[in-house]
J.: 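Below is the structure I would like to discuss, written out as structure tokens.
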Amino acid sequence: MTYRAHRASWRNIVEEQDDREDDQTEEGDDLESLGWFHDNLSRHAAEALLLTNGQDGSYLLRTSDSNANVYSLSVRAKDSVKHFQVFQCGTTVKFGFNEFLSVKDFIQHFANQPLIGSESGTLILLKYPYPRSVEEPSIYESVRVHTAMQTGRSEDDLVPVAPSLGTKEGYLTKQGGRVKSWKTRWFTLARNELKYYKDQLSQEPIKILDLNECSAVQFDYSQERVNCFCPK
């Protein structure tokens, strides 16, 4: 009897160890435990963060704005930010054409700096995971002037306003300034700057257009081309 009771106790110890190992495995297979996962970060905030403080090849993982149990990988590509879906089912992670059996395999894939391509043809090298926690200096400005410029307004007048980042990129056909021939150029739009390059692989833009100086955009029907427009 004593021998059987001893065996039962040993079995309980083994089962408890297995349970602890299972718990550790589950914690390690959680995408949200990654140091570059950003919880409750919207698409707009991710674009603002990467464009302001990231660099070409910076990326972060966040929860999807529209789908439950789906994550979004936000990646900076030059002057724009691309978003890709990441799916996790149990311990399996699916990204693009690849399916990883564990989060560890998924992380190993990113450690090797994968090259991915978007629908627009942009090739992006994933190099810099953007951390969730960034050290910030505890420096504050002193208030020297504080006065109301208007009176009679209420909290209903406090309407939050933030323009869309509107990052776009793609090929457009452009007419030359002096020689009126048409050439295909690679364009990027970020906030109020419209840049165009010789091609998609060019590092330096041919010209940067400040859209703040543009009063209107209208169709140009004088050209025998579809969807032809010009800024004014």
Side-chain angles (χ1 to χ4, degrees), residues 31-86 118-120 122 124 128-170 172 174 186-197 205 207-221 227-232:
L31 286 174
E32 299 185 9
S33 66
L34 299 176
W36 39 281
F37 172 77
H38 296 245
D39 192 19
N40 296 325
L41 189 68
S42 66
R43 181 189 183 102
H44 178 91
E47 291 184 357
L49 185 64
L50 292 174
L51 288 174
T52 303
N53 209 35
Q55 54 187 312
D56 188 24
S58 295
Y59 61 90
L60 58 85
L61 189 68
R62 59 185 179 85
T63 51
S64 176
D65 295 335
S66 55
N67 298 313
N69 301 322
V70 179
Y71 298 90
S72 293
L73 183 74
S74 300
V75 186
R76 175 169 174 176
K78 292 186 179 179
D79 295 325
S80 66
V81 176
K82 304 294 185 183
H83 305 274
F84 305 89
Q85 288 186 320
V86 178
S118 65
E119 293 179 355
S120 63
T122 302
I124 314 169
Y128 311 110
Y130 195 93
R132 177 173 58 248
S133 300
V134 179
E135 183 178 355
E136 300 179 0
S138 56
I139 301 175
Y140 298 90
E141 295 288 333
S142 299
V143 177
R144 299 301 184 188
V145 177
H146 188 186
T147 183
M149 301 301 293
Q150 298 187 32
T151 59
R153 297 168 67 88
S154 67
E155 61 178 317
D156 295 332
D157 297 308
L158 292 176
V159 181
V161 177
S164 174
L165 295 177
T167 57
K168 300 290 183 181
E169 62 181 13
L172 293 174
K174 177 188 174 297
W186 179 259
F187 281 77
T188 63
L189 172 65
R191 289 189 181 273
N192 293 319
E193 282 191 346
L194 182 64
K195 303 178 183 179
Y196 65 89
Y197 303 77
K207 191 173 183 179
I208 301 176
L209 304 178
D210 185 1
L211 299 184
N212 290 316
E213 301 176 356
C214 177
S215 59
V217 176
Q218 65 183 34
F219 281 103
D220 187 354
Y221 297 103
N227 298 326
C228 186
F229 65 92
C230 61
K232 296 292 184 181

J.: Is there side-chain contact between Leu31 and Tyr71, with heavy atoms separated by less than 4.5 Å?
T.: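 Yes, their side chains come closer than 4.5 Å.
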J.: Report yes if some heavy atom in the side chain of Tyr130 is under 4.5 Å from a heavy atom in the side chain of Leu50; otherwise report no.
T.: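 Sidechains of Leu50 and Tyr130: in contact.
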J.: Nearest 0.5 Å, please: how far is CD in Gln150 from CG in Asp157?
T.: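 Between Asp157 CG and Gln150 CD, I get 8.5 Å after rounding to 0.5 Å.
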J.: Tell me, do Thr188 and Ser80 make a side-chain contact under 4.5 Å, heavy atoms counted?
T.: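 No, side chains not in contact.
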J.: Does Glu169 come within less than 4.0 Å of Lys82, counting only side-chain N to carboxylate O?
T.: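 Lys82 and Glu169: salt-bridged.
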J.: State, yes or no, whether a side-chain contact exists between Tyr128 and Arg76 at a heavy-atom distance under 4.5 Å.
T.: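 Of all side-chain heavy-atom pairs linking Arg76 with Tyr128, none is under 4.5 Å.
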J.: Work out which heavy atom in Ala48 is nearest to a heavy atom in Thr52; give both atom names and the distance.
T.: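 Looking at all heavy atoms of both residues, the shortest contact is O-OG1, 2.7 Å.
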J.: Drop me the distance from Leu194's CG to Cys214's SG, to the nearest 0.5 angstrom.
T.: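 The CG atom of Leu194 sits 9.5 Å away from the SG atom of Cys214.
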J.: Taking atom NZ of Lys195 and atom CG of Asp210, what is their separation to the nearest 0.5 Å?
T.: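 Between Lys195 NZ and Asp210 CG, I get 11.5 Å after rounding to 0.5 Å.
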J.: Taking the side chain as every heavy atom from C-beta outward, state whether Asp39 and Phe37 have any atom pair closer than 4.5 Å.
T.: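 Yes, at least one pair of side-chain atoms sits under 4.5 Å.
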J.: Rounded to the nearest 0.5 Å, what separates atom CG in Leu172 from atom CG in Leu189?
T.: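 Atom-to-atom, Leu172:CG and Leu189:CG are 10.0 Å apart.
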J.: Could you give the distance from CG (Asp56) to OG (Ser58), rounded to the nearest 0.5 Å?
T.: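 The OG atom of Ser58 is 8.0 Å from CG of Asp56, to the nearest 0.5 Å.
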J.: Report yes if the side chains of Pro129 and Tyr59 come closer than 4.5 Å at any heavy-atom pair, otherwise no.
T.: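 With C-beta onward as the side chain, the pair touches.
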J.: Between Asp79 and Glu193, does the side chain to side chain contact (heavy atoms under 4.5 Å, CB included) criterion hold? Intermediate values first, please.
T.: CA-CA 10 Å; Asp79 295 325; Glu193 282 191 346; over 6 Å; no
J.: For the atom pair CZ (Arg132) and CG (Leu60), what is the distance rounded to the nearest 0.5 Å?
T.: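 So the CZ of Arg132 and the CG of Leu60 are separated by 11.0 Å.
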J.: Looking only at heavy atoms, which two atoms of Arg62 and Ser42 are closest? And how far apart?
T.: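 Minimum heavy-atom contact is NH1-C, 3.9 Å.
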J.: Using a 6.0 Å distance limit plus a 45 degree cone around the ring axis, check whether Lys78 lies over the aromatic ring of Tyr197.
T.: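 Yes, a cation-pi geometry holds between Lys78 and Tyr197.
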